[in-house]
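Handing you this structure, nothing more for now.
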Amino acid sequence: MSRIKVMSKLLASRIAAGEVIERPASVVKELVENSIDAGATEITVEIERAGSRLIAVTDNGCGMDEEDALLSLQQHGTSKLLNEKDLDRIMTLGFRGEAIPSIASVSKFTMITRTADAPGGTKVECDGEGNHTMRPCAAKVGTRIEVRDLFANLPARRKFLKSAATEEHHIEEVFSMIATAHIETSFKLIIDNRVSIQTPASGKIEYRLREIFGKNFVDNLLPVEYTENGLHISGFIAAPGFTRPSRRDQRVFINSRPVEAQAVYRGIKDGYATLAESGRYNPVVLFMDMPPEELDINVHPAKREVRFKAEYFISRAVASAVSSALRQLRTPEKIREETVNEELLTLNGKLPLSMILDAAEVSYHPEKFVQQELPVNIKYSVADTVLPLPPVPEKRENTDQELPAKRAEDTPEKVPENTPEKTPEQSAVSPMVRPVAPAAFSGVWPFRIIGAVDRTYILAESGSGLVLIDQHAAHERIMFEKILDRYNTKEVEKQQLLLPETIELPRSMIKLISGNKTLFEKLGFDLESAGGTTVMVNSIPVTPATHRSVADWINDMLEELLTSTPVSAAITPEAAAKAACKAAIKAHDELTQEGMYALLEQLKLCRQGTLCPHGRPTLIDINMKEIERRFGRR
């Protein structure tokens, strides 16, 4: 008896759907792309319960008649490919004919459609079990598709969906990417009866970017325009100094399709060359138009990745485009000319704040008092007391001998059981701090600082040899424990800003703040929405040696929360405290001798001073035996 069986069409369609439909955002992507291929100029997406209850996409495209409506539900039914040669000249967003049948097989699917020359519309309903009905109905020209109870017939797949906030974030990200690539189309995203994103059709990409990403984002961009051998590159790149901690703001579009392409990312990095900051990424919005036969987009089920016939040429062209744009200068006067004009007033029906203030002739003169900045090199302690500069001890003749008894507590394994109690600041252990693995450092605590290597690693001397301290990791540990301790004891110290600072943030970060407002307040952040993509910062926590600008600090902190942890309705205090450590001193920040000693003494008071909050070592030791062995003395 044969062991091989042919799958039923229903089972095969559900397996295929698993590759195309990963989550609710995949449904939004496929349906909106179909609407754009149908020539729609107005597209509305409605979401309920993060897409698990309802995903509805309505457009004013060309629509379908009865025969096409039925054929669209058949596997590989498409109007975009006719023969094998068309596969090398794909210019549409969809082409496989898999999206609609895949969606219909894992949900309760309803499609209402009508063509311009038809007297009425057609309504098709599928129950997710392979059964469908069709009947005439009244309808507008275009198509409306409703997807209800997604993955209801696949409980295993539904169980792997993330929280509602996470799924909504993915939907907004997909929607924003498509809206960015098609400025000639009007888009509206409604989540739980609330308009999340609404952007009208526009002739300028700057307007679309401002509506989606905020004015501050656009004001820090430089225009790109480059053409070489049939490849046209346009869009914007970030001005030097405008960076993000992750690549999520490097947005690339090829023939109006959002993609991920390593060849393009390499070109961006090469274009910035020495202007690129280590561990940071410059935001870009690049549109690349090229002959369709020069790339292959049929290499990923979701069409996210592409391959080029000439990757080296693509990387070199992108690098040339970026380096050429960096030579241009975008002055503040030019920015004002671009943003304050009559055309901008029709964007959302609101007057720019600058025009209102100019018309009102508002005059403001701050008082003589100027808010003090916290310098990098101050001397500080957990108890907020100033530590004296430790005296430099006399030279030790025998480096192998043990430290004096007064420093016995520096070596954890030699601490006697009857050690005197530490101060409350040292002994208070946060109940939310999880146990961590022992650090790699097992040497004697350093007692004298010799200098710094590359303005990144502090070089110190201990009784057993040399110790290298990572100044960034060490300061992160100090800030992490201080912020978390104050959160637990409810003694948060806030630094009230003399003048509240307004910053522009992506919509996903706005939701992150509004959903966790109480937590941020307990950590010392007073963040208030000012409407749209603007947030007003009224206060920040008092932290040791806060030296970064408020806008950069808040941006990096929220970026860390979005990228390192799932976007959920409740962020843990530990995650927020780790993200708040983004204000720590960085590599290549120059510290004075006093600042180095203060950092070392602070680190010594930490509960786990040998590891940073992310698990990296803060200091490593090189004992005398290793040094002598390297020099051939042993």
Does a sphere of radius 6.0 Å around CZ in R316 hold more than 12 heavy atoms from other residues, nucleotides or ligands, not counting ones at 6.0 Å or beyond?
yes
Taking all non-hydrogen atoms of both residues into account, name the closest pair between I237 and V322 and its distance.
CD1-O, 3.6 Å
So does R144 pair up with E46, basic N to acidic O under 4.0 Å?
yes
Quickly, which of L189, T185, I43, T44 forms a side-chain contact (heavy atoms from CB on, under 4.5 Å) with V32? Name it, please.
I43
Going from CD on E167 to CD1 on I191, what distance comes out if it is rounded to the nearest 0.5 angstrom?
11.5 Å
Does atom CD (E501) have a neighbourhood of more than 12 heavy atoms from anything else shown, all under 6.0 Å?
yes
Grab the two heavy atoms, one from A317 and one from Y226, that are nearest each other, plus how far apart they are.
O-CE2, 3.7 Å
Minimal heavy-atom distance between A50 and I171, with the atoms involved, is O-CD1, 3.8 Å
Non-hydrogen side-chain atoms of E146 and K108 separated by less than 4.5 Å
no
Side chain of S315, backbone of Y312: donor and acceptor closer than 3.5 Å?
no
Inspect the contact between E33 and K29 and indicate whether a charged nitrogen and a carboxylate oxygen are less than 4.0 angstrom apart.
yes
Quick one, M64 and T122 - any side-chain contact, counting heavy atoms below 4.5 Å?
no
Between R266 and D270 (salt bridge meaning N to carboxylate O under 4.0 Å), is one present in this structure?
no
Under-4.0 Å salt bridge between E173 and R251:
yes
Of the non-hydrogen atoms in V147 and S107, which two are nearest, and what is the gap between them?
CG1-OG, 3.3 Å
S52 side chain near L150 side chain, heavy-atom distance below 4.5 Å:
no
Decide yes or no for M177 and F253: does some side-chain heavy atom of the first lie under 4.5 Å from some side-chain heavy atom of the second?
yes
N60 (side chain) donor-acceptor with G142 (main chain) under 3.5 angstrom
no
Within-4.5 Å side-chain heavy-atom neighbours: V224 and I233:
yes
CG of L54 to CZ of R148: how many Å apart, nearest 0.5 Å?
4.5 Å
Worked verdict on F313 versus E228 for side chain to side chain contact (heavy atoms under 4.5 Å, CB included):
CA-CA 10 Å; F313 165 71; E228 181 181 354; 3.7 Å; yes
Where do A181 and S256 come nearest, in terms of heavy atoms and distance?
CB-O, 3.7 Å
For the side chain to side chain donor-acceptor pair (under 3.5 Å) test, which of E168, K188, E172 pairs with S196?
E172
Counting C-beta onward and ignoring hydrogens, is there a side-chain heavy-atom pair between V252 and M288 closer than 4.5 Å?
yes
F520 and F525 aromatic ring geometry - parallel, tilted or perpendicular at 30°/60° bounds
perpendicular
Value for CZ (F187) from NE2 (H182), rounded to nearest 0.5 Å, stands at 6.5 Å
Where A152 and P155 come nearest, the two heavy atoms and their spacing
O-CD, 4.3 Å
Considering only heavy atoms from C-beta outward, does the side chain of I21 approach that of F151 to under 4.5 Å?
yes
Using atom types as modelled and distance alone, determine if a side-chain donor or acceptor of D68 lies under 3.5 Å from a backbone N or O of G63.
no
Is there a donor-acceptor contact under 3.5 Å from the side chain of R208 to the main chain of E184?
no
Would S72 and M111 satisfy side chain to side chain contact (heavy atoms under 4.5 Å, CB included), going step by step from the backbone distance to the final call?
CA-CA 10 Å; S72 69; M111 177 169 60; 3.6 Å; yes
Is the shortest heavy-atom distance from the side chain of I55 to the side chain of I47 under 4.5 Å?
yes
